[in-house]
**Q** 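Let me give you the structure first, and then I'll get to my questions.
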Amino acid sequence: MIELHRIRTDKKAIIDGLHKRGLSNAEGLIQAIYNLDIEKRAIQLQLDNLSATLNKLNQEIADVLRKKDPAATLEAKKEESNQLKKKIKQLAEKFKAHGSDLLAQLYTLPNLPHESVPAGSHADDNVIIYQTPRMVVKGGSAHWDLVKKYDLVDFELGNKITGAGFPVYKGKGAKLQRALINFFLDQALKAGYTEIQPPILVNEASAYATGQLPDKEGQMYQIASTPFYLIPTAEVSITNIYRDAIIAESALPVKHVGYTPCFRREAGSWGADVRGLNRLHQFDKVELVQIAHPDYSYAKLEEMLTYVQGLVEQLALPYRVLKLCDGDLGFCAAMTYDIEVYAIAQDKWLEVSSISNFETFQSNRLSLRYKDKTKKTCLLHTLNGSGLALPRVLAALLELNQTPEGIHIPKVLQPYTGFDIID
RNA sequence: GGAGGGUUGGCAGAGUGGUUUAAUGCAACGGUCUUGAAAACCGUGGUACUGUUAAAAGUACCGAGGGUUCGAAUCCCUCACCCUCCUCCA
């Protein structure tokens, strides 16, 4: 959520930032919030003054009673208090309405892009900042054929048990995926991340705090019996550990890694992109979360990017790094790098990681702060990145490493799989 | 699922209708003393909002939301969470 004081003090910069993201009506939206804020403060001033008067009046009543004065003035004061209370109640309702209105409007605004984010309105405008030098030549069977041939993933079974997009991993397919999870977790531990196993259902407050609500309500699965949501990413649960928290500066940066299943309705997705493991309703992901001091959060973003590149390189997958343009940024992000691996048989780039700095966008909703040297409480920066999303890595690995004899397992995974070939 | 007890500042813990602007203790921070430290003593106290050049000052917050009352941490209702016992269970 954009900080209100920035709208008060630097309206133009906010409007410009939103324009970059393609919000053509930014000016109207911001002006409405600006006006609402002024009105709200005027109401608060009145309200506070009336409350102060009421408090004094009640004290006077107490004094009258204590002195056991003839209570001639008592009823009059009570009546006055009642009148005042009526006024306060009306005003308080107006104040509350303004507050929730203001919040609702602020909630709908996406984050502002960092100044270094490339201009653009479509995914085509994203900038490729790195690509594996020696490009493999496309060819071979697509992974959806390979998993059938070697009985690694069964989509039909998933259809039967749940529905489309909920595959069943079997035998060496299941073992390979588990090997990847453990490999990713171990690598993260080595890089100084602390492992978390969070709940995969979250309440409404959590979903608001990290920005899934109200923006992506339709993309999450809801529980019918309870107002809970299945997490679309571990980021939601892990970041919410720090909701309503003040962290000591000495404890920064906070670095967490967590493995969870992720659930996405993917409403509106269709076509060839959803084939096989490319896009699922349930998938596994190892997620990295960092909470960093504002002064060096961008250094942490680069650190995370380098770290995730290291993972893909150890798996010997061809990949590229994109810096997302203004128009393709996620709702909460100020800057995002995507890492895409090349699926050789499909001849497609598959996004396996998205690494973002949210700056204060989430911490403002979370109320996640630290105390600076002058003891002032300030918002922290939150970051996250996938490290990595499992099914697409699996798909790319299978397609890349297929041979007539079988599918070879990358060296770094063999200690985890216990086998070096799927045949 | 059933019954009972609870939720107060960083922590512990008093407080059952009006000097509670929440006692007291611990921890913390600042100071005095000291060569330095400890101890002792003195002082400061959270969060958010409004307000101001800066202050001052004001308002709200005792799990959340509502209600009763001139006045609620305190009484009533709803909900969440925690503890104990019973039941069930990986």
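Here is how names work: the chains are called A, B, and so on, in the same order as the sequence lines, proteins then strands, and each is numbered from 1.
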**Q** I'd like the C1' distance from rU21(B) over to rG9(B), given in whole Å.
**A**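 Comparing C1' positions in rG9(B) and rU21(B) gives a spacing of 14 Å.
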**Q** So, the side chain of R243(A) versus the backbone of A209(A): is there a donor-acceptor pair under 3.5 Å, distance only?
**A**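 The answer is no, because no donor-acceptor pair under 3.5 Å joins these two groups.
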**Q** If you check every side-chain atom of Q44(A), which of rG66(B), rG58(B), rC70(B) has the closest atom?
**A**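 Closest nucleotide among those given: rG58(B).
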**Q** Taking only side-chain N and O atoms of R41(A), does any of them lie within less than 4.0 angstrom of OP1 or OP2 on rC49(B)?
**A**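 It does not, given that no N or O in the side chain of R41(A) lies less than 4.0 Å from OP1 or OP2 of rC49(B).
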**Q** Name the closest nucleotide to the K96(A) side chain, picking from rG66(B), rG71(B), rG58(B).
**A**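 Of rG66(B), rG71(B), rG58(B), rG66(B) is nearest to the side chain of K96(A).
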**Q** Between rU59(B) atom C1' and Q46(A) atom CD, what is the distance in whole Å?
**A** 14 Å
**Q** Walk me through it: do L311(A) and F184(A) pass the test side-chain contact (heavy atoms from CB on, under 4.5 Å)?
**A** CA-CA 8 Å; L311(A) 295 178; F184(A) 292 148; 4.0 Å; yes
**Q** Hey, does K40(A) reach any base, or is it just sugar-phosphate, or nothing, if we go heavy atoms under 4.0 Å?
**A** nothing
**Q** For F95(A) and for L47(A), locate the closest nucleotide of RNA chain B by heavy-atom distance; then report the residue assigned to the nucleotide nearer the 5' terminus.
**A**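 The answer here is F95(A).
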**Q** According to a strict under-4.0 Å criterion, is R8(A) in side-chain N/O contact with OP1 or OP2 of rU50(B)?
**A**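 Yes, R8(A) has a side-chain N/O under 4.0 Å of OP1/OP2 on rU50(B).
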**Q** Does rC89(B) pair with anything, Watson-Crick or G-U wobble, both distances under 3.5 Å, and if so, with which nucleotide?
**A** none
**Q** For this output row, return yes or no: ring centroids of F361(A) and H381(A) closer than 6.0 angstrom.
**A**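 Ring centroids of F361(A) and H381(A) are no less than 6.0 Å from each other.
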**Q** Would you mind reading off the distance between E39(A) atom CD and rC49(B) atom P, rounded to a whole angstrom?
**A** 20 Å
**Q** Let's test this: given Watson-Crick or G-U wobble pairing with both distances under 3.5 Å, identify the partner of rG30(B).
**A**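 Pair assignment: rG30(B) / rC42(B).
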**Q** Identify the nucleotide, in any strand shown, that forms a Watson-Crick or G-U wobble pair with rG36(B), with both distances under 3.5 Å; if there is none, say none.
**A**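 In the structure as shown, rG36(B) has no Watson-Crick or wobble partner.
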**Q** What's the gap between rA48(B) and rA55(B) when it is taken at their P atoms, as a whole Å value?
**A** 15 Å
**Q** What do the steps show when you test Y296(A) against H293(A) for ring-ring contact (aromatic ring centres under 6.0 Å, His included), and what is the final call?
**A** CA-CA 6 Å; Y296(A) 56 74; H293(A) 191 287; 5.7 Å; yes
**Q** What about D48(A), does its side chain sit under 3.5 Å from the base of rG58(B) through a donor-acceptor pair?
**A**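 Per atom types, the contact qualifies.
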**Q** For atom P, what is the distance between rU8(B) and rG63(B), given to the nearest Å?
**A**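 Roughly 6 Å separates the two P atoms.
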**Q** Can you tell me the base-pairing partner of rG4(B)? Count Watson-Crick or G-U wobble geometry only, both distances below 3.5 Å, and say none if there is no partner.
**A**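 rG4(B) is paired with rC83(B).
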**Q** Counting N and O atoms only, with roles assigned by atom type, does the side chain of K172(A) sit under 3.5 Å from a partner on the main chain of I421(A), one being a donor and the other an acceptor?
**A**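 Yes: the side chain of K172(A) pairs with the backbone of I421(A).
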**Q** Write down the distance separating the P atoms in rU7(B) and rC76(B), rounded off to the nearest Å.
**A**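 About 14 Å, rounded to a whole number of Å.
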**Q** With a non-hydrogen cut-off below 4.0 angstrom, is I61(A) in contact with a base, only sugar-phosphate, or nothing?
**A** base
**Q** Please determine, for rC11(B), whether a Watson-Crick or G-U wobble partner exists with both distances under 3.5 Å, and give it or none.
**A** rG25(B)
**Q** Report the distance from atom CD of Q59(A) to atom C1' of rU19(B), rounded to the nearest whole Å.
**A** 7 Å
**Q** Would you measure the distance from the C1' atom in rA73(B) across to the matching atom in rC62(B) and give it in whole Å?
**A** 5 Å
**Q** Whole angstroms only, please: what is the CD1-C1' distance between I246(A) and rG10(B)?
**A**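 Value for this atom pair: 10 Å.
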**Q** Taking the C1' atom in each of rU44(B) and rG10(B), what is the distance between them to the nearest angstrom?
**A** 16 Å
**Q** List the steps and the verdict of side-chain contact (heavy atoms from CB on, under 4.5 Å) for H281(A) and R264(A).
**A** CA-CA 5 Å; H281(A) 289 307; R264(A) 298 186 182 179; 5.6 Å; no
**Q** Is there a Watson-Crick or G-U wobble partner for rU47(B) with both distances under 3.5 Å, and if so, which one is it?
**A** rA60(B)
**Q** Checking all strands, does K89(A) fall into the base, sugar-phosphate, or nothing category for heavy-atom contacts under 4.0 angstrom?
**A** sugar-phosphate
**Q** Let's see if you can work this out: which of rU59(B), rC70(B), rU47(B) has an atom nearest to the side-chain heavy atoms of T377(A)?
**A** rU47(B)
**Q** Could you tell me how far apart H5(A) (NE2) and rU50(B) (C1') are, to the nearest whole angstrom?
**A**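 So the NE2-C1' distance, H5(A) to rU50(B), works out to 16 Å.
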**Q** When you compare rU68(B) with rU74(B), how far apart are their C1' atoms, in angstrom units rounded to a whole number?
**A**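 Each nucleotide's C1' atom is 13 Å from the other's.
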**Q** Which whole-number value in Å describes the distance from D244(A) CG to rG63(B) C1'?
**A**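 The answer, rounded to whole Å, is 12 Å.
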**Q** One thing to verify: whether K300(A) and E303(A) come together as a salt bridge, which I'm taking to mean a side-chain N less than 4.0 angstrom from a carboxylate O.
**A**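 Yes, this pair counts.
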**Q** Could you state the atom-to-atom distance from NZ of K86(A) to P of rU69(B) in whole Å?
**A** 12 Å
**Q** Sort out the partner of rG17(B) for me: Watson-Crick or G-U wobble, both distances under 3.5 Å, none otherwise.
**A**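 None - no nucleotide pairs with rG17(B), as no candidate has both distances under 3.5 Å.
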**Q** Toward the 5' end of RNA chain B, which comes first, R369(A) or T53(A), by nearest nucleotide?
**A**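 In this pair, the answer is R369(A).
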**Q** Only pairs with both distances under 3.5 Å count, Watson-Crick or wobble alike; so what is the partner of rA55(B) in this structure?
**A**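 Across all strands, not a single nucleotide pairs with rA55(B).
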**Q** Could you please name the option among rA48(B), rC70(B), rG65(B) that lies closest to any side-chain atom of K78(A)?
**A** rC70(B)
**Q** Just to be sure I understand the rule, does N55(A) reach a base, reach only the sugar-phosphate, or reach nothing, if contact means heavy atoms closer than 4.0 Å?
**A**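 Here N55(A) touches the backbone only, sparing every base.
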**Q** Side chain of R279(A), backbone of G165(A): donor and acceptor closer than 3.5 Å?
**A**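 Flag not set: sc R279(A) to bb G165(A) has no pair under 3.5 Å.
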**Q** Taking the minimum atom-to-atom distance to the side chain of A52(A), which one of rU69(B), rA60(B), rG58(B) wins?
**A** rG58(B)
**Q** For the C1' atoms, the ones on rG58(B) and on rU52(B), what distance do you get once it is rounded to whole angstrom?
**A** 12 Å
**Q** Rounded to whole Å, how long is the line connecting atom CG of N82(A) with atom C1' of rU68(B)?
**A**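 Taking atom C1' of rU68(B) as the reference, CG of N82(A) is at 12 Å.
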